[in-house]
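Let me begin by presenting the structure, written as structure tokens, before commenting on it.
Just so it is clear, the model here is predicted, and its values are computed rather than measured. Chain identifiers are assigned alphabetically (A, B, ...) following the order of the sequence lines, protein sequences preceding nucleic acid strands; residue numbering begins at 1 within each chain.
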Protein chains: 2
Amino acid sequence: MKRKITLKQIARELDVSISTVSKALRNSPEISEDTKQKVQAFAKLYNYRPNNIALSLKNRKTNTIGILIPEIVHHFFSKVIRGVELVANKRGYNVIVGLSNESFSKEVINMEMLANGSIDGFILSISKETQQLQDFHHFNETMSQGMPIVMFDRVVSDINCDKVIVDDLKGAKNAVEKLIKNDCKSIALITTKDYVSVGKLRTQGYLEALESHKIQPKAELILKIDDTLEYESNLEALEKEIEQLFKSNEKIDGIFAVNELYALSAMKVARKLGFDIPNDIQVIGFTDGVLSKHSTPSLTTVSQHAQQMGERAADLLINKLENKIETEEEEFQTIVIATELIERESTK
Amino acid sequence: MKRKITLKQIARELDVSISTVSKALRNSPEISEDTKQKVQAFAKLYNYRPNNIALSLKNRKTNTIGILIPEIVHHFFSKVIRGVELVANKRGYNVIVGLSNESFSKEVINMEMLANGSIDGFILSISKETQQLQDFHHFNETMSQGMPIVMFDRVVSDINCDKVIVDDLKGAKNAVEKLIKNDCKSIALITTKDYVSVGKLRTQGYLEALESHKIQPKAELILKIDDTLEYESNLEALEKEIEQLFKSNEKIDGIFAVNELYALSAMKVARKLGFDIPNDIQVIGFTDGVLSKHSTPSLTTVSQHAQQMGERAADLLINKLENKIETEEEEFQTIVIATELIERESTK
DNA sequence: TTTTAACACGAAAACGTTTTCGTTTGTGTA
DNA sequence: TACACAAACGAAAACGTTTTCGTGTTAAAA
């Protein structure tokens, strides 16, 4: 087991100085052709590669970006990671992943671990608990130390940093308007409690769509789920709530759900109650998941272009890292990714 | 924007040496109580944290593990990552992610990037292209430089390293035996071409199950899909092939598919042809995906315990990293994770 | 022959730590 | 008084690079 070879070892073997080796390998004109050839040949033979850690220390730059997300077993987030990885790799960066598991403290700890030199900047989406607590000191501290942050999807408007978001409001509005155009008269909304920023915006989109078509929103058609619970393990409870919704509002003929699972559950319950989709009830979800595509009937959804979000976020961050012009009064961008309504079988 | 504070700065401010600061912060008995208090207070005030990169360089240890997988938008792999991250974090390690995108060259490049000091060891699952090419030099080179590797799921038996695998053969055999017990007389297999190691093993499990029940396997009941194509984009082609399978074998009453999508497609086609699941045809898939749980009917599957695989792999790697007893003739383990048949609606 | 300039290379600092091994000071002992 | 010894601290090396700034040698110019 031969350890990796270093400049020092090459220098000793060839009886030259470390500086000479370094320069020879970088093809410096200071070094004679003879020496260059000798050194380069030797380096190739022993498969020399500069040590990244030493480079990072010297350059005070790791060429690594940290991505901090609430959950990785999640179609949306993994697609974002793919986008980030794609451009990061293309631009010579590595990606280090931290998971907050929706917990505030894990988010803070993870940030601190990574902020101590391991990475050059952050791409992150904040945890639910952080959204509830409204405690953002760790973001501010990190940024005040000169480490740039790009937030995506779940962002916090009070913080001054680059952001990549999806147009939740407009996406939701379009979806609901689609239902209205398709002749739905009584459209229910299945959403989350309001502290989830995206849930709130999508709810607002629903309301605006109704309003702009002179439809009076009814409180009993809006079901707000408490999603601090893991959904996967609380499917039955969710389905019960939805069933209740259907039973107390018999005229429901359209459903807009703020995520995939709510939409799927709604379809399942509807079918169980004897409704036909899309003839009796039309359903639209908000997501980028696999379930929508493969469910029966397949689900019409508002696509968020998750991978593109990741790509844009990575480009934003790397641009900032490489243009450190140290211009005081820096400015931050917010990129809004347009949503797209993907029509499938759950709507007419 | 104040940069992170260093030992040197603290030393200068307090008019002591760097060594004293370092020792004071680590509570060395060499330093007087007075000085310790002074230094520690100052450090706390300025939120001093040692620089990870400098530590890595000094200790020749990064406390970071690299995970290299073919694809991240994939339920199985993301669950593995979650497992890895979980124990890595608990044991004080960070996780850096590389994606090969099923490409040999990207796998090699990613390995080389990370092997140059960025990480202490690898957890990986090899790409399809690498499996086809049977070119494993990069693994051998990496290991010969003293960097440990743990392979999971898609492993290569010729390479001597720690491995975490699922008992593909037995899992498949159990599944098929379940179908046999459920009175299936004509069981079809939907699998991949043989170069995919797991596909091959699962096929073998299918054959062994038949054999042990004195059932003669029929070539026409075995459909081998070329999965070099992205499945998602070639769904129709896949469904055509399956439809053909059904039409030329009218007596099929059971299906074992080596992954989720094949199973789902089979169900879809079966329904389209007027079969009832599970009464006319029973279906079992092999996977850990979300689709199985939420499809209608929900799919009986062989679960691979992906997260557990990740956890075991991480423990294996970290143990090796921390027990570097430099005993020549080191030995490698292969951990086999038992599969579990999760019965849902697609079987009786 | 002397001066100059190009050439080829080496020494050393720097990045931020930790740790080993002095060195100084003060105190107690012979 | 001389000596040993502990206490408290500092200098320096080391991890592996890159880069700046010498420095010595040689060949060309004066």
**Message:** In this structure, how many angstroms lie between the C1' atom of C/dA12 and the NZ atom of A/Lys8, rounded?
**Reply:** 14 Å

**Item:** Heavy-atom closest pair, residues B/Ser78 and B/Ile72
**Value:** CB-O, 4.0 Å

**Request:** Report the distance from atom OH of A/Tyr48 to atom C1' of D/dG16, rounded to the nearest whole Å.
**Result:** 7 Å

**Request:** Please report, rounded to the nearest Å, how far the P atom of D/dG10 is from the CZ atom of B/Arg12.
**Result:** 15 Å

**Asked** Looking across every strand, which nucleic acid part, if any, lies under 4.0 Å from A/Ser56 by heavy atom: base, sugar-phosphate, or nothing?
**Response** nothing

**Prompt:** Quick one: do the A/Ser22 and A/Ser19 side chains pair a donor with an acceptor below 3.5 Å?
**Reply:** no

**Distance below 4.0 Å between B/Arg60 side-chain N/O and D/dG16 OP1 or OP2** = yes

**Message:** For A/Glu107 and A/Thr130, which I'm curious about, is there any donor-acceptor pair between the side chains at under 3.5 Å?
**Reply:** yes

**Asked** Please give, in whole Å, the distance from D/dT17 C1' to A/Leu25 CG?
**Response** 11 Å

**Message:** If I take atom CG in residue A/Leu57 and atom P in nucleotide D/dT18, what distance separates them, rounded to the nearest angstrom?
**Reply:** 12 Å

**Item:** Sugar-phosphate, base or nothing in reach of B/Ser19, heavy atoms under 4.0 Å
**Value:** base

**Prompt:** Rounded to whole angstrom units, what separation is found between the CD1 atom of A/Ile53 and the P atom of D/dG16?
**Reply:** 11 Å

**Complete:** Angle separating the five-pair end axes of the helix from C/dT1-D/dA30 to C/dA30-D/dT1, nearest 10°, is 90°

**Item:** Among C/dC21, C/dT18, D/dT19, the one nearest A/Ser22 by side-chain distance
**Value:** D/dT19

**Item:** Closest-nucleotide 5' rank along DNA chain C - winner of B/Glu30 and B/Lys58
**Value:** B/Lys58

**Fill in**
When rounded to whole Å, the CD1 to P distance for the pair B/Ile18 and D/dA11 reads 9 Å

**Item:** Charged N-O contact under 4.0 Å between A/Glu85 and A/Arg82
**Value:** no

**Item:** Nearest-neighbour nucleotide for the B/Lys23 side chain, C/dC9, C/dG16, D/dA11 considered
**Value:** D/dA11

**Pairwise 5' ranking along DNA chain D for B/Glu33 and A/Leu55, keeping only the more 5' one** = B/Glu33

**Asked** Is a donor on one side and an acceptor on the other found under 3.5 Å between the side chain of B/Asp120 and the backbone of B/Asn63?
**Response** yes

**Message:** So that I know where these two stand, are B/His138 and B/Phe104 an aromatic pair - ring centroids less than 6.0 Å apart?
**Reply:** yes

**Asked** Backbone N or O of B/Ala11 within a donor-acceptor pair of the B/Asp15 side chain at under 3.5 Å?
**Response** no

**Request:** Tell me which nucleotide among D/dG10, D/dT17, C/dG16 gets nearest to the side chain of A/Asn51.
**Result:** D/dT17

**Prompt:** In whole angstroms, how far is the C1' atom of C/dA8 from the CG atom of A/Leu14?
**Reply:** 16 Å

